[in-house]
Amino acid sequence: MEPSPGEQPFADFDAFEASTWERQAAGYDGFFPAMTAQAAGPLLDAAAVGPGARLLDLATGPGVVARAAVARGAHVVGLDVAEAMLAIARVRCPPLGLCRADGHHLPFAAGSFDAVTANFAVLHMGRPDDAAAEAAWALVPGGTLAVTVWGHPEEVAIFDAFQRALAACEAPPTAGVPEGPPFFRYSDEAALTGLLEGAGLAEVSVTTLAFTHEAADAEQVWQALVHGTVRTAALVASQGDRLRQAVHDAFVSELEAHRRGGRLALAAAVRMGTGRAQGRPVEG
(Lines give C-alpha, C1' and ligand atoms only; values in the text may rest on other atoms or scores of the structure.)
Protein backbone atom coordinates (compact mmCIF):
# COMPACT_ATOMS: atom_id res chain seq x y z
CA MET A 1 0.00 0.00 0.00
CA GLU A 2 1.10 3.57 -0.59
CA PRO A 3 2.16 5.52 2.53
CA SER A 4 -0.23 8.24 3.65
CA PRO A 5 1.08 11.80 3.31
CA GLY A 6 2.19 13.89 6.27
CA GLU A 7 4.58 13.44 9.15
CA GLN A 8 4.75 9.93 10.57
CA PRO A 9 4.93 9.38 14.35
CA PHE A 10 8.16 7.94 15.72
CA ALA A 11 10.03 8.65 12.49
CA ASP A 12 13.28 9.19 14.42
CA PHE A 13 12.77 5.86 16.17
CA ASP A 14 12.28 4.00 12.87
CA ALA A 15 15.39 5.60 11.39
CA PHE A 16 17.32 4.70 14.55
CA GLU A 17 16.20 1.07 14.33
CA ALA A 18 17.06 0.78 10.64
CA SER A 19 20.53 2.30 10.89
CA THR A 20 21.47 0.49 14.10
CA TRP A 21 20.58 -2.94 12.74
CA GLU A 22 23.11 -2.40 9.96
CA ARG A 23 25.80 -2.34 12.69
CA GLN A 24 24.30 -4.92 15.03
CA ALA A 25 23.35 -7.69 12.61
CA ALA A 26 26.45 -9.83 13.16
CA GLY A 27 26.20 -9.54 16.95
CA TYR A 28 22.52 -10.48 16.82
CA ASP A 29 23.27 -13.47 14.61
CA GLY A 30 25.82 -14.78 17.09
CA PHE A 31 23.30 -15.37 19.88
CA PHE A 32 19.63 -14.59 19.36
CA PRO A 33 18.61 -16.78 16.38
CA ALA A 34 19.00 -19.94 18.45
CA MET A 35 16.65 -18.39 21.00
CA THR A 36 14.03 -16.93 18.70
CA ALA A 37 14.02 -20.10 16.58
CA GLN A 38 12.14 -21.84 19.38
CA ALA A 39 9.08 -19.84 18.35
CA ALA A 40 9.51 -20.49 14.62
CA GLY A 41 7.78 -23.88 14.45
CA PRO A 42 4.70 -22.83 16.44
CA LEU A 43 4.50 -19.60 14.42
CA LEU A 44 4.51 -21.47 11.10
CA ASP A 45 2.01 -24.01 12.42
CA ALA A 46 -0.31 -21.20 13.51
CA ALA A 47 -0.06 -19.65 10.05
CA ALA A 48 -0.72 -23.06 8.42
CA VAL A 49 2.47 -22.81 6.37
CA GLY A 50 3.09 -25.96 4.38
CA PRO A 51 4.14 -27.08 0.89
CA GLY A 52 3.30 -24.52 -1.75
CA ALA A 53 2.19 -21.79 0.66
CA ARG A 54 3.16 -18.23 -0.25
CA LEU A 55 4.69 -16.69 2.87
CA LEU A 56 5.92 -13.20 3.67
CA ASP A 57 8.24 -13.11 6.69
CA LEU A 58 8.43 -9.58 8.09
CA ALA A 59 11.69 -8.36 9.67
CA THR A 60 13.19 -11.66 8.65
CA GLY A 61 16.63 -10.77 10.07
CA PRO A 62 19.04 -13.64 9.38
CA GLY A 63 16.09 -15.66 8.10
CA VAL A 64 15.27 -17.98 11.01
CA VAL A 65 11.54 -18.34 10.31
CA ALA A 66 11.97 -18.00 6.55
CA ARG A 67 14.47 -20.87 6.38
CA ALA A 68 12.17 -23.09 8.43
CA ALA A 69 9.34 -22.28 6.01
CA VAL A 70 11.49 -23.08 2.97
CA ALA A 71 12.24 -26.45 4.59
CA ARG A 72 8.47 -27.04 4.70
CA GLY A 73 8.23 -26.47 0.96
CA ALA A 74 6.78 -22.97 1.12
CA HIS A 75 7.51 -20.16 -1.33
CA VAL A 76 8.98 -17.49 0.92
CA VAL A 77 9.86 -13.83 0.72
CA GLY A 78 11.92 -12.54 3.65
CA LEU A 79 11.63 -8.79 4.13
CA ASP A 80 13.90 -6.63 6.26
CA VAL A 81 14.87 -2.98 6.51
CA ALA A 82 18.57 -3.78 7.06
CA GLU A 83 20.77 -4.94 4.21
CA ALA A 84 23.23 -6.40 6.73
CA MET A 85 20.52 -8.78 7.94
CA LEU A 86 19.54 -9.77 4.42
CA ALA A 87 23.19 -10.48 3.59
CA ILE A 88 23.28 -13.09 6.36
CA ALA A 89 19.98 -14.62 5.25
CA ARG A 90 21.21 -14.72 1.65
CA VAL A 91 24.17 -16.91 2.66
CA ARG A 92 22.19 -19.13 5.02
CA CYS A 93 19.40 -19.94 2.58
CA PRO A 94 20.15 -19.23 -1.10
CA PRO A 95 16.66 -20.33 -2.31
CA LEU A 96 15.03 -17.68 -0.13
CA GLY A 97 13.52 -14.67 -1.86
CA LEU A 98 14.63 -11.45 -0.15
CA CYS A 99 13.31 -7.92 -0.21
CA ARG A 100 14.75 -4.83 1.45
CA ALA A 101 11.78 -2.73 2.49
CA ASP A 102 10.03 -1.08 5.41
CA GLY A 103 7.32 -3.24 6.95
CA HIS A 104 5.14 -0.17 7.36
CA HIS A 105 4.87 0.15 3.54
CA LEU A 106 4.87 -3.21 1.78
CA PRO A 107 5.77 -3.24 -1.94
CA PHE A 108 3.25 -5.96 -2.76
CA ALA A 109 -0.24 -6.05 -4.22
CA ALA A 110 -3.25 -6.95 -2.13
CA GLY A 111 -3.66 -10.70 -1.71
CA SER A 112 -0.08 -11.59 -2.62
CA PHE A 113 0.44 -14.08 0.23
CA ASP A 114 -1.32 -16.95 1.94
CA ALA A 115 0.40 -16.18 5.23
CA VAL A 116 2.46 -13.46 6.87
CA THR A 117 4.70 -14.08 9.86
CA ALA A 118 6.33 -11.53 12.14
CA ASN A 119 8.62 -13.15 14.72
CA PHE A 120 9.26 -10.36 17.29
CA ALA A 121 9.05 -7.87 14.42
CA VAL A 122 6.47 -5.42 15.82
CA LEU A 123 8.77 -4.69 18.77
CA HIS A 124 11.05 -2.85 16.35
CA MET A 125 8.44 -0.81 14.48
CA GLY A 126 7.39 2.72 15.29
CA ARG A 127 3.88 2.16 13.94
CA PRO A 128 2.83 -1.43 14.65
CA ASP A 129 -0.80 -0.65 13.79
CA ASP A 130 0.22 0.41 10.29
CA ALA A 131 2.45 -2.63 9.87
CA ALA A 132 -0.35 -5.00 10.93
CA ALA A 133 -2.75 -3.32 8.50
CA GLU A 134 -0.18 -3.67 5.70
CA ALA A 135 0.25 -7.36 6.50
CA ALA A 136 -3.51 -7.89 6.46
CA TRP A 137 -3.70 -6.11 3.07
CA ALA A 138 -1.05 -8.44 1.64
CA LEU A 139 -3.02 -11.56 2.62
CA VAL A 140 -5.50 -13.44 0.49
CA PRO A 141 -8.95 -13.62 2.10
CA GLY A 142 -8.71 -16.41 4.64
CA GLY A 143 -4.93 -16.04 4.93
CA THR A 144 -3.30 -15.81 8.34
CA LEU A 145 -1.08 -13.26 10.05
CA ALA A 146 0.89 -14.77 12.93
CA VAL A 147 3.06 -12.60 15.19
CA THR A 148 5.13 -13.13 18.30
CA VAL A 149 6.30 -10.75 21.01
CA TRP A 150 8.10 -11.32 24.28
CA GLY A 151 6.10 -11.77 27.46
CA HIS A 152 6.32 -9.30 30.33
CA PRO A 153 9.93 -8.73 31.45
CA GLU A 154 9.48 -10.79 34.62
CA GLU A 155 8.57 -13.73 32.33
CA VAL A 156 11.80 -13.53 30.31
CA ALA A 157 14.95 -14.15 32.35
CA ILE A 158 17.24 -11.96 30.24
CA PHE A 159 14.96 -8.93 30.37
CA ASP A 160 14.15 -9.45 34.03
CA ALA A 161 17.84 -9.54 34.92
CA PHE A 162 18.58 -6.45 32.85
CA GLN A 163 15.77 -4.40 34.35
CA ARG A 164 16.78 -5.47 37.85
CA ALA A 165 20.36 -4.43 37.08
CA LEU A 166 19.21 -1.00 35.86
CA ALA A 167 17.11 -0.50 38.98
CA ALA A 168 19.88 -1.59 41.31
CA CYS A 169 22.29 0.88 39.70
CA GLU A 170 19.68 3.63 39.34
CA ALA A 171 20.53 3.89 35.65
CA PRO A 172 18.17 6.01 33.52
CA PRO A 173 15.97 3.53 31.61
CA THR A 174 15.58 5.44 28.32
CA ALA A 175 18.94 7.16 27.86
CA GLY A 176 20.22 7.26 24.30
CA VAL A 177 17.04 5.90 22.69
CA PRO A 178 14.66 8.00 20.54
CA GLU A 179 11.06 7.88 21.72
CA GLY A 180 9.21 4.85 20.40
CA PRO A 181 6.37 2.53 21.35
CA PRO A 182 6.83 0.75 24.71
CA PHE A 183 8.82 -2.44 24.13
CA PHE A 184 6.53 -4.60 26.26
CA ARG A 185 3.24 -3.05 25.12
CA TYR A 186 2.04 -6.20 23.38
CA SER A 187 3.09 -8.50 26.20
CA ASP A 188 -0.44 -7.76 27.37
CA GLU A 189 -2.84 -10.20 25.75
CA ALA A 190 -5.58 -7.60 25.30
CA ALA A 191 -3.16 -5.19 23.57
CA LEU A 192 -1.98 -7.86 21.14
CA THR A 193 -5.56 -8.85 20.44
CA GLY A 194 -6.38 -5.20 19.76
CA LEU A 195 -3.46 -4.87 17.35
CA LEU A 196 -4.74 -7.71 15.18
CA GLU A 197 -8.41 -6.82 15.39
CA GLY A 198 -7.54 -3.21 14.58
CA ALA A 199 -5.96 -4.44 11.34
CA GLY A 200 -9.34 -5.88 10.34
CA LEU A 201 -8.45 -9.50 11.07
CA ALA A 202 -11.01 -12.03 12.27
CA GLU A 203 -10.79 -15.13 14.46
CA VAL A 204 -8.06 -13.46 16.50
CA SER A 205 -6.45 -15.53 19.22
CA VAL A 206 -3.50 -15.07 21.55
CA THR A 207 -1.60 -17.89 23.24
CA THR A 208 1.54 -18.09 25.35
CA LEU A 209 4.58 -20.18 24.44
CA ALA A 210 7.12 -21.03 27.13
CA PHE A 211 10.63 -22.41 26.65
CA THR A 212 14.09 -22.40 28.17
CA HIS A 213 17.15 -21.18 26.31
CA GLU A 214 20.60 -22.30 27.42
CA ALA A 215 23.65 -20.04 27.43
CA ALA A 216 27.27 -20.73 28.30
CA ASP A 217 27.60 -17.90 30.79
CA ALA A 218 26.32 -14.46 31.68
CA GLU A 219 29.14 -12.69 29.85
CA GLN A 220 28.01 -14.28 26.58
CA VAL A 221 24.52 -12.90 27.12
CA TRP A 222 25.85 -9.44 28.03
CA GLN A 223 27.92 -9.28 24.86
CA ALA A 224 24.85 -10.30 22.84
CA LEU A 225 22.88 -7.43 24.38
CA VAL A 226 25.65 -4.93 23.70
CA HIS A 227 26.45 -6.06 20.16
CA GLY A 228 23.21 -7.63 18.97
CA THR A 229 20.32 -5.40 20.07
CA VAL A 230 19.16 -1.87 19.33
CA ARG A 231 17.36 -0.21 22.24
CA THR A 232 19.25 -2.08 24.95
CA ALA A 233 22.64 -1.56 23.32
CA ALA A 234 21.99 2.17 22.94
CA LEU A 235 20.92 2.44 26.56
CA VAL A 236 24.08 0.69 27.75
CA ALA A 237 26.33 2.76 25.49
CA SER A 238 24.84 6.01 26.78
CA GLN A 239 25.93 5.36 30.36
CA GLY A 240 29.23 6.62 31.70
CA ASP A 241 32.03 4.08 32.10
CA ARG A 242 31.51 3.61 35.84
CA LEU A 243 27.74 3.18 35.62
CA ARG A 244 28.03 0.92 32.59
CA GLN A 245 30.39 -1.37 34.50
CA ALA A 246 28.04 -1.36 37.48
CA VAL A 247 25.10 -2.39 35.29
CA HIS A 248 27.23 -5.13 33.72
CA ASP A 249 28.24 -6.52 37.10
CA ALA A 250 24.68 -6.43 38.44
CA PHE A 251 23.36 -8.12 35.29
CA VAL A 252 25.94 -10.90 35.48
CA SER A 253 25.09 -11.46 39.14
CA GLU A 254 21.36 -11.64 38.38
CA LEU A 255 21.81 -14.15 35.56
CA GLU A 256 24.03 -16.42 37.65
CA ALA A 257 20.95 -17.28 39.69
CA HIS A 258 19.78 -19.22 36.62
CA ARG A 259 22.80 -21.51 36.45
CA ARG A 260 21.86 -25.18 36.15
CA GLY A 261 24.44 -27.91 35.73
CA GLY A 262 27.22 -25.70 34.43
CA ARG A 263 25.07 -23.67 32.03
CA LEU A 264 22.50 -20.92 32.32
CA ALA A 265 18.89 -22.03 31.84
CA LEU A 266 17.02 -18.90 30.81
CA ALA A 267 13.24 -19.14 30.88
CA ALA A 268 11.24 -17.18 28.34
CA ALA A 269 7.56 -16.59 27.66
CA VAL A 270 6.30 -15.50 24.26
CA ARG A 271 2.87 -14.20 23.25
CA MET A 272 1.73 -15.46 19.88
CA GLY A 273 -1.19 -13.76 18.16
CA THR A 274 -2.95 -14.93 15.03
CA GLY A 275 -5.75 -13.52 12.90
CA ARG A 276 -7.41 -14.36 9.62
CA ALA A 277 -7.90 -11.95 6.72
CA GLN A 278 -11.50 -11.34 5.74
CA GLY A 279 -12.90 -11.01 2.24
CA ARG A 280 -12.67 -7.53 0.71
CA PRO A 281 -15.73 -5.75 -0.64
CA VAL A 282 -16.06 -5.69 -4.41
CA GLU A 283 -15.26 -2.26 -5.84
CA GLY A 284 -17.97 -0.90 -8.08
Side-chain angles (χ1 to χ4, degrees), residues 10-37 59-64 80-89 102-103 119-126 128 148-153 156-187 213 215-255 258 264 266 268 270:
F10 300 131
D12 289 345
F13 173 81
D14 286 329
F16 160 77
E17 281 273 346
S19 62
T20 305
W21 279 124
E22 296 291 359
R23 303 192 302 271
Q24 299 290 84
Y28 177 92
D29 187 52
F31 180 84
F32 287 105
M35 186 174 183
T36 61
T60 195
V64 172
D80 204 281
V81 73
E83 176 57 36
M85 285 292 194
L86 295 176
I88 297 171
D102 183 348
N119 202 26
F120 306 102
V122 297
L123 303 175
H124 303 286
M125 294 177 171
T148 54
V149 297
W150 295 112
H152 295 291
V156 185
I158 293 176
F159 298 134
D160 185 49
F162 186 72
Q163 293 207 346
R164 287 175 179 272
L166 290 179
C169 300
E170 299 183 348
T174 57
V177 182
E179 182 183 3
F183 190 80
F184 294 104
R185 172 183 177 184
Y186 297 113
S187 304
H213 179 69
D217 53 46
E219 186 62 31
Q220 178 194 27
V221 182
W222 175 261
Q223 292 300 322
L225 291 177
V226 171
H227 299 292
T229 64
V230 173
R231 297 197 213 196
T232 300
L235 192 158
V236 170
S238 69
Q239 312 298 329
D241 290 345
R242 181 174 299 179
L243 185 53
R244 184 163 53 245
Q245 185 63 47
V247 172
H248 165 275
D249 295 346
F251 176 77
V252 168
S253 178
E254 289 284 349
L255 273 197
H258 298 275
L264 299 180
L266 305 173
V270 173

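- Between His248 and Glu219 the shortest side-chain heavy-atom distance falls below 4.5 Å.
- In terms of heavy-atom proximity, Val81 sits nearest to Ala18 at CG2-CB, 3.8 Å.
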Given side chain to side chain contact (heavy atoms under 4.5 Å, CB included), test Val226 with Thr232 step by step and report yes or no.
CA-CA 7 Å; Val226 171; Thr232 300; over 6 Å; no
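- Counting only heavy atoms from C-beta outward, the side chains of Phe184 and Val149 never approach each other to under 4.5 Å.
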Should Trp150 and Phe159 be marked as a ring pair (Phe, Tyr, Trp, His ring centres under 6.0 Å) after you check the CA-CA gap, both sets of side-chain angles, and the distance that decides it?
CA-CA 9 Å; Trp150 295 112; Phe159 298 134; 5.7 Å; yes
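- In terms of heavy atoms, Gly61 sits closest to Ala89 at O-CB, 3.7 Å.
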Quick one, Asp249 with Gln245, criterion side-chain hydrogen bond (donor to acceptor under 3.5 Å, both in side chains). Give me CA distance, side-chain angles, the key distance, then yes/no.
CA-CA 6 Å; Asp249 295 346; Gln245 185 63 47; 2.9 Å; yes
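- A 4.5 Å side-chain heavy-atom check between Arg231 and Glu17 finds at least one atom pair inside the cut-off.
- Screening Trp21, Tyr28, Tyr186, Phe16 for a ring-ring contact (aromatic ring centres under 6.0 Å, His included) with His124, the sole residue that qualifies is Trp21.
- A side-chain donor-acceptor contact under 3.5 Å links Glu22 to the backbone of Ala84.
- Between the Asp80 side chain and the Leu86 main chain, no donor and acceptor come within less than 3.5 Å of each other.
- For the atom pair Leu123 CG and Ser187 OG, the distance stands at 7.5 Å (nearest 0.5 Å).
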Give the C-alpha distance, both sets of side-chain angles, the deciding distance and a yes or no for side chain to side chain contact (heavy atoms under 4.5 Å, CB included) between Val221 and Leu266.
CA-CA 10 Å; Val221 182; Leu266 305 173; 4.1 Å; yes
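- When every heavy atom of Cys169 is checked against every heavy atom of Leu243, the shortest pair comes out as O-CD1, 3.5 Å.
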Step-by-step side chain to side chain contact (heavy atoms under 4.5 Å, CB included) determination, Leu166 to Val247
CA-CA 6 Å; Leu166 290 179; Val247 172; 4.1 Å; yes
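- Ala171 and Gln239 get closest at one heavy-atom pair: CB-OE1, 4.1 Å.
- In this structure, the side chain of Glu179 does not engage the main chain of Phe13 through any donor-acceptor pair within 3.5 Å.
- Surrounding CZ of Arg164 are at most 12 heavy atoms belonging to other residues, nucleotides or ligands under 6.0 Å away.
- In this view, Thr148 and Ala39, Leu43, Asn119, Phe120, Val270, Met272 satisfy the side-chain contact (heavy atoms from CB on, under 4.5 Å) rule, not counting sequence neighbours.
- Ring pair His213/Phe31: centre-to-centre distance below 6.0 Å.
- Taking CD from Gln163 and CD1 from Ile158, the interatomic distance works out to 13.0 Å, rounded to the nearest 0.5 Å.
- Side-chain contact between Thr20 and Thr229 is absent, with no heavy-atom pair separated by less than 4.5 Å.
- Side-chain atoms of Leu225 and Val236, non-hydrogen and from C-beta on, never get closer than 4.5 Å to each other.
- Taking both residues in full, the closest heavy atoms of Glu254 and Ala161 are given as CB-CB, 3.7 Å, listed atom of the first, atom of the second, then distance.
- Taking every heavy atom of both residues into account, Pro62 and Ile88 meet most closely at CB-CG2, 3.6 Å.
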Let's go through Leu255 and Phe162 carefully: what are the C-alpha distance in whole Å and the side-chain angles of both, what is the deciding distance for side chain to side chain contact (heavy atoms under 4.5 Å, CB included) to 0.1 Å, and is it a yes or a no?
CA-CA 9 Å; Leu255 273 197; Phe162 186 72; over 6 Å; no
